[in-house]
Amino acid sequence: MSTIETGRLTIRPPVEEDRDSFVAMFTDEAFTVFSDGVHDVASANARFDGMLLLADAVPYAKQPVIERATAAIVGYTGVGTAVVDGLDRLEWGWRFVPEARGRGYATEATTALLAVADRFTDGELLCLIDPRNAASRRVADKVGFRWWKRIDWMDDPAEPTDLLIRTVGAGGPPLLTPTLG
Ligand SMILES: CC(C)(COP(=O)(O)OP(=O)(O)OC[C@H]1O[C@@H](n2cnc3c(N)ncnc32)[C@H](O)[C@@H]1OP(=O)(O)O)[C@@H](O)C(=O)NCCC(=O)NCCS
C-alpha cells in the first residue's frame, strides 16, 4: 500500500477496516453539505464499496486523510467519477469533518495526492464545485485547477455547477473512468 505522509497528515488507500468511519461520515448531514445529499446506511455502504473499487484501479482515487495527532480519519481527497458531456470522467473531490475544516488540511492532503497523479499519468482532471462553495473553490485554485465553464447540473437550473480542470503530468485528453470489477 502506498502511504503518503505530509507534515500533519497521512493519506493512504482505503481498506475494509475504514468502512465504519466512512459510513458514519456519509450519513452525517454536516459532512455531506454541498453534495447530492446525506446517505442512508445502505447507500453509504454502497458509496464506500465504490471507493474501494476505484482505489484498486487508480492510485489517486479518493483516500482517507488521517490526522496523525489524533489518528482519526478526518476526511478524504482524490478522484471519484462524474459523467459530463457524455464522458465518464475522473473527478477530484475533497471533504472533511467540520472540526477539521479551516486548518489547511484539504490543501495539504490534495497537493500531496495530486503529486502522485502527476507522476502516474498524463491527462486532464475535472472538478465540480457549487458556485456558492467559496472554501472549496479556494482549495481548487490553490492546487492548480482553473475555471472552465458553468453548467446546470442534470439540466436543473437550480443546480448551477462550476466545472474546473487541471492538467496532470504532461497533460492530454480527459482522464476517463477505467473499467472496474
Ligand atoms: C471545502 C473543504 C474541503 C475545505 O477544506 P479545508 O481543509 O478547510 O481547506 P483549506 O483550509 O486547505 O483551504 C480553505 C481555503 O478557503 C478559504 N475559505 C474558507 N471559507 C471560506 C469562505 N466562506 N469564503 C472564502 N474563502 C473561504 C480559507 O481561508 C482557505 O484559503 P486560504 O488558505 O487562502 O486562507 C471543507 O470546507 C469541507 O469539507 N467542506 C464541506 C464539504 C465540501 O464542500 N466539499 C467540497 C465539495 S465540491
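We count residues from 1, following the sequence as given. For ligands, and for the atoms within them, numbers begin at 1 and follow the listed sequence.
Using cut-offs of 30° and 60° for the angle between ring planes, the Phe96 and Tyr105 rings count as tilted. Between Trp92 and Tyr60, the ring planes are parallel. Angles under 30° get that label, and only those over 60° would be called perpendicular.
Identified under the salt bridge (charged side-chain N to carboxylate O under 4.0 Å, His left out) test for residues 99-116, with sequence neighbours left out: Arg8-Glu108, Glu67-Arg103.
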**Request:** Output, in order, the C-alpha distance, side-chain angles, deciding distance and verdict of salt bridge (Lys or Arg N to Asp or Glu O under 4.0 Å) for Arg47 and Asp36.
**Result:** CA-CA 12 Å; Arg47 183 164 169 191; Asp36 292 342; over 6 Å; no

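Annotation for Arg146: atom CZ does not count as buried by contact number, only 12 or fewer foreign heavy atoms lying within 6.0 Å.
Residues of the protein with a heavy atom under 4.0 Å from ligand 1 are Val33, Phe34, Trp94, Arg95, Phe96, Arg101, Gly102, Arg103, Gly104, Tyr105, Ala106, Thr107, Leu128, Asn133, Ala134, Ala135, Ser136, Arg138, Val139, Lys142, listed by chain and number.
With salt bridges taken as basic N to acidic carboxylate O contacts below 4.0 Å, one links Asp118 and Arg166.
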